[in-house]
Participant: 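Have a look at the structure that comes next, please.
Note that the structure is a prediction, hence the values are computed from the model and not measured.
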Amino acid sequence: MSTQTALPQGGKARREQFATRWAFILAAVGSAVGLGNIWRFPYVAYENGGGAFIVPYLVALLTAGIPLLFFDYAIGHRFKGSPPMAFRRLSKWTESIGWWQVGICFVIGVYYAAIIAYAAMYTWFSTHEAWGDDPEAFFFGDYLQVADTFAPSFQFVPGVFWPMLVVWLILLVVLGAGVRKGIAMASMIGIPVLFVMFIALVVVALFLPGAPEGLNALFTPNWSVLTDPQVWIAAYGQIFFSLSVGFGIMITYSSYLKRRTNLTGSGLMVGFTNSSFEILCGIGVFSALGFMAQANGVEVADVVANGIGLAFVAFPTIISQAPAGVLIGVLFFASLVFAGFTSLISILEVVVSAVKDKIGWSRWTTVIVVVGLSGVVSLLLFSTTTGINTLDVTDAFANNFGIVGAALVAVVVVSWLLRRLDNMVGHLNTVSSFRVGRVYKVLVAVILPIVLAYMWISDIVLKAQDGYGDMPSWFVGTFGWGMSIALIIVAILLSLLPWSDRSALNRELNDNLRPDSESGDEPLVGSAPGVRSTPASHGRHTDTPSHPENPEKGA
């Protein structure tokens with residue numbers, strides 16, 4: 001059911017909108033606060049100087065994370081569309097960047113559902129410590145039933161298949177309900193519940209024997225690491241991957257904002273909330289790891305784990321040994337479910353929004369097709385005995401090759417090839433309380449490309465030289481390199497397809513454009529002091545539509 005309403009002027013429909021700015025902020029926080037906050041940040045901080053890591057982490061947040069968040073907000077809100085439509089309105093030659101971001105979201109979405117299914121099952125397993133004395137053997141053997149071969153099989157694992165199916169059915173309902181009744185409502189319920197549960201988990205963990213040793217291991221600063229470039233790159237990587245920037249989510253969400261919205265104020269709130277939650281995660285996780293180390297008579301360094309190893313091997317061990325272990329387990333794994341699910345909603349909404357914009361289907365039709373197809377692919381690849389290996393390599397390439405690459409191209413194209421960064425800055429300052437200027441432009445046009453290019457190229461070189469783990473080259477070539485290159489090719493092909501007459505590009509009102517403008521798309525709202533809103537005929541760096549007879553079909 002579409003929530004668009006017809007407008008009397010020109011027959012345009014108004015784009016779906018969040019009811020309030022707070023609904024948007026909670027949805028954006030729900031996207032940013034995900035699995036990586038809980039199981040990646042504590043490990044990255046510990047490995048890169050402990051308390052000293054906070055310095056490069058905050059520098060990265062202020063010089064890269066928040067500027068890129070503002071960048072995505074400006075594009076999505078200014079051009080009122082999913083990534084393909086927003087980039088199309090920016091310039092018809094850049095639509096493929098948007099489709100690249102959509103493809104990345106599709107890939108991440110289909111495997112992310114599997115991790116949520118694992119966490120859901122482990123919430124139940126925690127009530128009776130189903131893993132017994134060997135959590136690692138239980139996870140890979142009894143639960144996942146991991147096959148000895150890498151070749152994809154269609155031998156389904158019931159404990160993964162059925163909870164994954166439930167995840168996709170819930171997604172169908174939430175996304176089908178629309179922006180206000182589905183996405184916003186899920187975030188307004190899920191995020192407060194997540195924060196309450198995780199705060200309760202932290203409180204319980206802080207009272208465990210050995211918790212102070214864990215916190216000392218995490219926060220004792222090693223100031224010498226501040227001269228190590230790799231520590232700074234790790235900080236930028238953590239900020240980049242934890243804020244949901246660079247692959248279309250924030251472009252899509254900001255397109256649902258009302259015309260007069262405080263973009264930069266909202267971005268600051270989302271950025272600092274996300275980072276605060278990461279630090280909270282570090283406190284909870286290392287308090288528990290400190291207990292685990294003391295209980296086993298080893299150093300904290302001997303029990304530190306990351307990612308799936310932390311969640312499904314280390315934490316079950318803690319749960320089995322700790323007082324109130326059942327409570328810790330339920331709180332921890334339920335937190336993973338809520339954090340993962342609010343993120344997955346945002347990831348799949350990028351795909352839904354893009355297809356809906358391009359073809360012009362109703363929301364329910366689009367959701368049924370997109371979620372249905374995604375669910376089938378997800379279940380076929382990731383609910384089987386070979387699913388964990390496919391998930392591992394796909395995740396590595398989708399994040400490092402896909403997200404970083406797409407963000408790098410977007411920033412370079414907008415800043416240097418199209419020379420449109422001034423337009424983005426002007427739009428941010430027109431509608432926002434916290435204004436940005438020359439420093440912001442230097443961060444986006446100079447610092448971000450350097451950091452992203454280094455991360456992207458170094459990861460490509462490393463994987464090209466060393467492969468990925470102990471996985472066979474054909475497997476990495478198919479689900480790693482092959483998938484990554486295929487996304488770029490498909491993105492280009494999709495950008496060549498014509499937009500339907502029923503598409504949002506042709507039928508949806510962009511209320512940031514003057515409805516009577518035939519020679520440009522000057523903002524309806526007045527420019528902020530010091531920001532000149534230039535008519536299209538007066539300069540090359542204006543938001544000039546490629547179809548002057550219809551501003552809504554602007555390139």
Side-chain angles (χ1 to χ4, degrees), residues 30-31 33-40 105-131 135-136 138-147 152-175 186 190 193-194 197 307-316 319 329-349 351 370-395 398-399 479:
S31 175
V33 173
L35 301 175
N37 299 66
I38 298 174
W39 70 30
R40 188 174 189 271
C105 285
F106 174 81
V107 170
I108 294 175
V110 295
Y111 72 73
Y112 215 78
I115 304 174
I116 298 173
Y118 300 168
M121 288 301 296
Y122 265 70
T123 305
W124 165 247
F125 291 157
S126 296
T127 62
H128 54 287
E129 299 177 13
W131 45 79
E136 184 173 2
F138 175 82
F139 179 66
F140 291 104
D142 297 352
Y143 177 53
L144 294 184
Q145 303 171 26
V146 178
S153 77
F154 295 102
Q155 184 177 350
F156 295 99
V157 180
V160 180
F161 179 90
W162 293 113
M164 278 183 69
L165 181 61
V166 172
V167 168
W168 285 108
L169 290 175
I170 296 174
L171 272 174
L172 185 73
V173 174
V174 171
L175 292 175
V193 171
L194 168 63
M197 285 194 304
I308 284 178
L310 170 69
F312 301 108
V313 177
F315 249 86
I319 293 164
V330 171
L331 288 173
F332 178 76
F333 288 111
S335 295
L336 288 182
V337 172
F338 277 87
F341 196 77
T342 54
S343 294
L344 183 56
I345 289 172
S346 68
I347 292 167
L348 263 293
E349 175 60 19
V351 187
V370 169
V371 175
L373 176 62
S374 302
V376 169
V377 173
S378 178
L379 291 167
L380 287 176
L381 286 178
F382 300 104
S383 69
T384 66
T385 55
T386 57
I388 189 67
N389 293 323
T390 309
L391 187 155
D392 188 9
V393 71
T394 304
D395 174 63
N399 280 278
F479 293 98

Participant: Between CE of Met164 and CD1 of Ile115, what distance do you get to the nearest 0.5 Å?
Facilitator: 10.0 Å
Participant: What's the shortest heavy-atom distance between Tyr118 and Ile388, and which atoms?
Facilitator: OH-CD1, 3.8 Å
Participant: Which atom pair, heavy atoms only, marks the closest approach of Thr390 to Thr386?
Facilitator: OG1-O, 3.3 Å
Participant: Are the side chain of Ser343 and the backbone of Gly30 linked by a donor-acceptor contact shorter than 3.5 Å?
Facilitator: yes
Participant: If we ignore hydrogens and angles and just use 3.5 Å, is the side chain of Asp395 paired with the main-chain N or O of Leu391 as donor and acceptor?
Facilitator: no
Participant: Indicate the ring-plane relationship of Phe315 and Phe332, choosing parallel, tilted or perpendicular according to the 30° and 60° boundaries.
Facilitator: parallel
Participant: Give, for atom CG of Leu144 and atom OG of Ser383, the distance between the pair rounded to the nearest 0.5 Å.
Facilitator: 11.0 Å
Participant: Please answer whether the main-chain N or O of Ser31 pairs with a side-chain N or O of Thr342 as donor and acceptor at a distance below 3.5 Å.
Facilitator: no
Participant: About how many Å separate CD1 of Ile170 and CG of Leu165, when rounded to the nearest 0.5 Å?
Facilitator: 10.0 Å
Participant: Quick one: pull up CD1 in Ile116 and OH in Tyr111 and give me the separation to the nearest 0.5 Å.
Facilitator: 11.5 Å
Participant: To the nearest 0.5 angstrom, please state how far the CG atom of Leu380 sits from the CZ atom of Phe154.
Facilitator: 6.0 Å
Participant: Of all the heavy-atom pairs spanning Ile38 and Ala339, show the shortest one and how long it is.
Facilitator: CD1-CB, 4.1 Å
Participant: Apply side-chain contact (heavy atoms from CB on, under 4.5 Å) to Val377 and Phe382, showing your working.
Facilitator: CA-CA 8 Å; Val377 173; Phe382 300 104; 5.6 Å; no
Participant: Show the numbers, then the answer: is there a side-chain contact (heavy atoms from CB on, under 4.5 Å) between Gln155 and Thr384?
Facilitator: CA-CA 5 Å; Gln155 184 177 350; Thr384 66; 5.6 Å; no
Participant: Hey, is the main chain of Thr123 close enough, under 3.5 Å, to the side chain of Thr127 for a donor-acceptor pair?
Facilitator: no
Participant: Report yes if some heavy atom in the side chain of Thr394 is under 4.5 Å from a heavy atom in the side chain of Leu381; otherwise report no.
Facilitator: no
Participant: Start with the C-alpha gap between Tyr112 and Leu35, add the side-chain angles, then the distance that decides, and say whether side-chain contact (heavy atoms from CB on, under 4.5 Å) holds.
Facilitator: CA-CA 9 Å; Tyr112 215 78; Leu35 301 175; 3.5 Å; yes
Participant: When the ring planes of Tyr122 and Phe138 are compared, do they come out parallel, tilted or perpendicular, using 30° and 60° as the limits?
Facilitator: perpendicular
Participant: Minimum heavy-atom separation for Ser126 to Val330, with atom names?
Facilitator: CB-N, 3.9 Å
Participant: After noting the C-alpha distance and the side-chain angles of Phe333 and Phe125, does the key distance pass the ring pair (Phe, Tyr, Trp, His ring centres under 6.0 Å) rule?
Facilitator: CA-CA 10 Å; Phe333 288 111; Phe125 291 157; 9.0 Å; no
Participant: Which atom names give the shortest non-hydrogen contact between Pro316 and Trp131, and what distance separates them?
Facilitator: O-NE1, 3.2 Å
Participant: Heavy atoms only: give me the nearest Ser374-Phe106 pair and the separation to one decimal.
Facilitator: OG-CE1, 3.3 Å
